[in-house]
Every structure is written in C-alpha cells, then in structure tokens.
Amino acid sequence: MQSPQGPGASSSSVVVNEQIPNGSCTSPQAVSPGSLTKRPGILQLRSSSLSKTHDLEQELKPDDLFTKHTVSEVRNVRQQLREDADKKQEELRVMVGERYRDLLQASTSIISMAKSAQHVKYILEQSRDSIRAQEEPPDSNRTSVNGTDDHLLLLQSLSAHMKLLLDTPEHLWRFIERRKYFLAAWLFLLARVVHRALLQDEGSWSSRGLDIAAQFPLVQRQWESISQFRSQIVHKATISLREPSPPDDICATLLTLHLLDSQPLVEALSVYLTQRSKALHAIFSKSKVGQGGSHLSQPNGHSDTRFGDAHTKTPTQLVKDDIQATLDLISNTLTSARRVFHEAESQSSLIKTILEHIQSDSHHSQDQPTTSKDLYITTPYLLTSLPSSTHFLLLPSNIRSYKPYVDVNSSSSTVPPAQLSEKLDNWFRRSAIPWKSSITQWFSKLQNFRDVWSIRSSTRTWILASGLDEQEYIHLTNLLDDVCQDQILSIWTSSLSSASRSFKSQLEHVVLNLRNETASESADVTPTEFLFHSPLLPVLPKAGLTPLDTSFQKYKSELHRQLACRTPSIDNLLKILEDCAKALNQDFRLLDSAQFNDCKVLTRRLKTAYQPLAEHLCIEIIDILKSASTAEIGQSQGVLDGLIFVSRLANDFSLISPFISRIGCQQQTVQEFRGATEIIRDGIIDRWRDHTVSSISQTYCAAFQLRSKFLEQACPSADLLDALLTLSRSIRQLGICQDYRRRSHVANMTLRQFLGEILGGISSENSDLPFLWEIVECYGLGWADMREKLLQANDGHEPTPSHSLPRLQSLFANLLPPHTDSDIPSSDKMANLLPFGSPSPDTQYQPAVELAKPSSRLGLLLVDDSDMY
C-alpha cells in the first residue's frame, strides 16, 4: 500500500487499516484529517504541525502573498511549507507501518482460531455418534458373585473402622477446644471399642482373610496417639470446673470424670468442690494484686472484663464487684451441686437421670430437653455430628449402638443425700473463713460510713436472691454484719481520734501563742472588741455563682458567733469537734431510718459498741482542758491570757456548744462532761480572781501608803477608781457575754475578795470609805460581812455617803448588782439607764488629784504623754 506524497497530503484522504478491540480487522476506510485528531496517538504526533499549518493557511492567500511580502519572505514561506509537508509524510509513514504490523498479526490469529473451532466441532460430532452407536449391556452383567459382595462389604466396614480411628484425634481436639468434654470422652470410649474390635477380635477378621495387626500396623500406631488424649481430657475437664458454668455443663464434666477416669460420683463431687475452692482462692489473690493497680482475672488466666475499666471505677464500686464475684462463685457452687446431685422423693438427681438415660435401651427425642443436647447424647447422635457421618453407617450395629456401661444401682454411681449435705456444708464453712478475711481487707479501703452501709445493703439483697439455703444465708449475713460493724467502728474510732488529735494540737498552738504574747492584739485576748466588730455584709452574687441565700446564711452565722462571743480561735476549736459530732449524728440518723429487723439489730450493736468510744473522747477532751489549765500564772500576762482562753472554751463546752448533745453519749455522760467543764472553768476563774485581786489590791495599798493622809477629798481617790476600773476591765476580758447571772456572780465574788483584802490595810482616815460604803449598801443584806468590815475600818461609825455612785455607776456597771424591773420606779424615765439614781446637778465637781498650776512659760510647750510615765 502506497502512502500519499506531496504537499497536498494534509488535505487528501488517507487509507488506513484500523484494528478493533476484539482483534478483528476492518476493511480499508477513508479517514479524514479531522477524524485523525480524535485518536490520542495521532493527536500527540501531529498537534504542533497541524496548528502551525492551519495558521499559515489562514494568513497566506495567493493573491495577497506577493503584495504584502518581499521575495525573500516568499521564499521563506515556501521553505516552511516544504518542511511541513515532509513532516506530515513521515508521520503518515510511521502511522501506516504500525497499523500494518497489527493487521498482519490479527489476521494470523483469526485464521488459527478458525481452525481450532473447526477441529473441536469435528470431535464433538464424533463423540455424539459414538455414544449413539453404543448398546445397553445385558441384565446378566449387573449381578456378581456373592463372594465378591461380601468381600466388598468387609472392606467397607474396615474402611469405616479406620476412618473413625484416623479422624478421632482431630475431633477430640475440636471437642476440647469447645469445652465439650463429655462428647470427647464418649468419642474416646467409642474409639477404644473400635480399636478392640480391630485387634482383639481377630477371629472375625482372620476368618475372612485379613490380618489387621500385620497388614494394617497403622491401627496400633493410631491408637497410641489417641490413648494420650485420655489424660488431657481428664485434666482439661478438671480445670474447667473452676470456671463459672451452668449446672448442665458441670454435670457433663462430672460425667466425663466418672466415665473416663472411673471416679465414683462422691469422689467427683470432692474434685468439683476442690476446684471451686481453688477458683475462690484465685479470686482472693487476684483481688489483693488488684489493690496495687492490677485488674482481676478469671481462674483460667483469661482477663475478666468486669475489671477492664478498674481505673475508672470508684473504690466503692470495686469493693462491691469483688464481694459479688466471690458470692457468685460460692452460691453458684452450692446451687449447681444441689442441682446435679440432689435427689428429691419423687425426682432423681440430674446426673442419675443422665446415667439412666445412657443405660436405657430406647431413646425418645421428645423426652430429652432441647437445651441439653450435649448432655443427653448417644452414639448415633455423636456419629451424626461428625463430618463424613454417612461413611460411618458402614460400621457394625453393635458399634453404632454402643453405650458405656454404668451400674446405676452401685455405690459409685450415687451420692447419698446425707453425705451430699455434709460435704456442701463443710465446703461452705471452709470457704466462708477466707471470704470473711478478704472482705475485711476490702472494707478497710472504705473510709465513709455511707459507703459501707450501701455495700452492706446491696450485698444482703444479693445474698437473699442468690438461692442459698436459709442457714447459709444467715451465716453469710452474720459474717457480713460482723465485718461491717468492725469497719464502721473503725471509721468512727478514726474520726474521733482524728478530731481529738486536731483539737489538742490546735489548742496547744493557740495557748502557746497567747503565752508568748504573740496574739496580744487578737480577739482571743479582748473578746469585747470582737463582739463589736462588724462582719462583712453579704454581697449580691454574680450570675452562675452561689445563690443569695447562701451569703445571708453565712452572714447570719457570723452574727450568731459574735453574739455567743465565739472568737475565731474558739470557733475553730469547737468546729473540729462539732463537725465530727454532726457527721456521726447523721450516721445515727441513717441507722435509725432502717426499717428491717436485721438492720435494727446491727444498729443496736453499733450504738452499744460506740458508747465507750464517745465516752473516751469526752474523757480525752476533759484531760486536754485540764492539761491546758495547769500552767502557773506567775508574773506572765500571756499565761493568764491562755488560762482565760481555756476557761472560755470550757464554758462554751458546758453551755453553748452542741458537741456533747450530738456526739451520741448517754445522758449521764453528758451531765458528767458538762460538770467537768464547769469545774475546769470555775477553777481557772478562781485562780484568775486570786491573781487579779492580789495584784490590784497590792497596787492600791501601795498607793494608799504614799498618799498624804492630810489630803481630804469628798470623792473617791484616783487610786481606787483606777483599781475598780482595772477590776472591771479584767472581768470584761473573761468574755462572759450571754450568761448575765454568771457574770454578776463572778463580779460579786471578785469585788468581795478585793474589798476583803483592802479593808484590812486602811484606816478611818481614808477618803475612799464613803464610796466603798455606797457600793456595799447596793448589795444589801447579802454583804453583811463586808458591812461589818467597813464599820470596823471606820472605828464603828457609818461613813458619810459621798453621793459619787450615781456619777460613776456607768463606769462600774460590771461591779454593781443587777436591778430587776420591780426595783425600778415606773415614774423615773432614766431609771433603766441609771438604776442607782441620777447625779445631782448642784454637786460641784471635785478633781480626784490636786494638780499644780502650770507656769506661763510652759503653757505652749508640747510634751508627749508617754514620756511622763
């Protein structure tokens, strides 16, 4: 085929052979240049040249070529056109050459395929003719000699025996992996029967011309490999008893031990209980490891998914899971054993029913439970479940109907009810001992009464629904209550001990600071300043914060503490014990809310055991207060401040604090505690009174000796006023704010002691006697002894009243006796403010101390008052 030549090839038609995808060739066709551009191969070869040529054809027209261009430019155009024509010619040559080779190869292939198809068609026609030409054989050829059929049947039976022996190891492994040990045991016994039928029953085989031992040594070697499975099946079945399983599976496993290992049922029961004990101890040991961060595992070594997220569970949930896991194992063991071995009057035990089923001659499928197909098994059922079960139909009928022999009436096939009850009770008692010790350790991780009580309630509910006997339920619940009681008492003891230690350490710290005078400006030294200190007003909360009621409740509690004169240190000390008592009181309320009788019994036991603990705490508090009140005062003001602080603390314990009423002591203990705190308080007050009165009286007597006896005054001296003011200020520092009667009593006793000490050292010349006489007269008949001492000091004469008490009654209000409403006349409007009368306006003011008139030279000189003393 010739390719087109010349420059005009781009516009002419091109004849090519195009190969279609199925391998055939088309006839030559005329392909235009426009169609070539649609093929990817050709487009890649000619894209540049076609674009250039198209541009030249648009620009170059013959009429305008020589008009617009010079001769040299026309020559260049001609040269370019020639080069384009050569390139197109080369492209066409390459394209046509490739297509031609493809065409030749496709033509050869088509010819070869046509020849092959014709040959196949010829052979098929010959085969069809040959088949049609054949004739059917006569009927005489279908029958054979009886001897030939018997030999064939013999070989088929032998092959079935050999097939069973060869497939047995694989099936045994499959049954063991699926934990179907009863089927594995049955198959093993069946294989043993087949082995004996082949080797030990040689007469039937040798009489037919077969020597199994000599001709088929594979039989013995195969049996040797099968015989090793016996120990494995027994071992795996024994280990599987540790795992939680339904009663049917446990019964099948025990039947495996009974048939395969020749264990009596009593011994099989002992093995079952032993394995369950090992499983229980495994859980106990894994729980101990789990306390260090590991999770529990099942007895067979598999991970227990209950504890896969142990790091996300709370200690309460972990303890609850541990207890329920052990209780589940105990209850499952007992209920399963009774389900398998227990015999009722009208119903046999499950395992005996299975043994009777094995020995029965007829097996009716309708009598078998649908949920226990692997329990009510037979040899036909076993062979049918195996692969190639149709091949085993060639086995002899005695093998296909094989059943293990069991004497259901022998002692090895029965478990007496009394022996069953004894074994289960002994196992239960032995298992309860480590269970109690383990839950004791688990409960020790709980430090909250509510957690312990919650676990106790849920555990008792679980035990009640577990299906245990009444005696077993009572025994387990008693053990649980004992452990809960011990842990609750331990929690309460720890709480009380912690409160006692905190109270002691903080009290020692506060008293030490007061003794070292490092808290001289605090409210603990000057409680009156704390009384008049204004707490912070409640602030409106922002959105999303605590509600407004909380702020007002806090403000209200601050006001109550101020009214009770509970300074910050006293409040912190009392709060330690009050919070402890409040928490314990809430626990008691939870105990009292229980409605069941068993809870009430435990509640009484807990309260009875708690009483000594609470009484011991009260004794410790009393001892701590006594220890803090034994310091010698000496000349240290800090020691005296510490003693006063302890007395105020003891007074709050006795009268204000709800600690003793909430701690849960008996009424007698409450009264003894309050009496002991009152004794400590009064003892400190007496020591304070002795020290204070002695110090003030000595100062006053010393000043009286230095005072000029010729100085006559109509008002009390400055020394007496200073002594009385100091005495009144000391009484205020005691912090007796709410109990007005007790404060009056303390002031009465303190003033009596002060007057008793100073009246023995002054004479009738003392100008303070009139004022002292007015004070004594205020107390009336109760101060008759003081009245006598004043008369003796004034030579038996009543001093002339100085009428200074009305003017000074506000300064010495703490030292003067209180007035009732009946003592105050209703006509006097000022009587409530000035119960001892209003001062006379005509009374001329007399200075207590005569001062020298200042010099005119020093009138404007500023002198610091601190330098004058």
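We count residues from 1, following the sequence as given.
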_The test is side-chain hydrogen bond (donor to acceptor under 3.5 Å, both in side chains); show your working for Asp587 and Trp492 and say whether it passes._
CA-CA 10 Å; Asp587 296 344; Trp492 287 348; 3.2 Å; yes

- Show the numbers, then the answer: is there a side-chain hydrogen bond (donor to acceptor under 3.5 Å, both in side chains) between Lys403 and Thr378? CA-CA 7 Å; Lys403 55 186 177 182; Thr378 58; over 6 Å; no

[X] side chain to [Y] backbone, donor-acceptor under 3.5 Å:
X      : Y      : result
Ser495 : Ile491 : no
Trp442 : Val319 : no
Arg276 : Arg242 : yes

Plane angle bin for His281 and Phe284 - parallel if under 30°, tilted between 30 and 60°, otherwise perpendicular |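 Ring orientation, 0 to 90° scale: perpendicular.
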
Practice problem: On the 0 to 90° scale, with breaks at 30° and 60°, tag the Tyr402-Trp186 ring pair as parallel, tilted or perpendicular. | Solution: perpendicular

Does [X], at its [atom1] atom, have more than 12 non-hydrogen atoms belonging to other residues, nucleotides or ligands within less than 6.0 Å?
X      : atom1 : result
Arg589 : CZ    : no
Glu170 : CD    : no
His391 : NE2   : yes
Glu125 : CD    : yes
Arg174 : CZ    : yes

Result for salt bridge (charged side-chain N to carboxylate O under 4.0 Å, His left out) between Asp592 and one of Lys600, Arg604, Lys607 points to Lys607

Salt bridge (charged side-chain N to carboxylate O under 4.0 Å, His left out) filter on Glu472, not counting sequence neighbours, yields Arg338

field: CA sep, side-chain torsions, deciding dist, call: Asp321, Gln317, side-chain hydrogen bond (donor to acceptor under 3.5 Å, both in side chains)
entry: CA-CA 6 Å; Asp321 292 343; Gln317 187 63 39; 3.1 Å; yes

query = For residues Ser412 and Ser410, is any side-chain donor paired with an opposing acceptor at under 3.5 Å?
reply =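 Their side chains do contain a donor-acceptor pair, which is all the 3.5 Å distance test asks for.
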
*Please determine if Arg456 forms a cation-pi arrangement with Trp453, meaning its NZ or CZ atom is less than 6.0 Å from the six-membered ring centre and no more than 45° off the ring axis.*
yes

Margin query: Run Asp261 and Gln263 through side-chain hydrogen bond (donor to acceptor under 3.5 Å, both in side chains) and show every step you take.
Written below: CA-CA 5 Å; Asp261 204 25; Gln263 293 183 6; 2.8 Å; yes

inquiry  = Quick one, Tyr381 with Tyr376, criterion ring pair (Phe, Tyr, Trp, His ring centres under 6.0 Å). Give me CA distance, side-chain angles, the key distance, then yes/no.
reply    = CA-CA 9 Å; Tyr381 169 77; Tyr376 292 87; over 10 Å; no

Going through the distances and angles, do Phe216 and Trp223 end up as a ring pair (Phe, Tyr, Trp, His ring centres under 6.0 Å)?
CA-CA 12 Å; Phe216 300 98; Trp223 171 248; over 10 Å; no

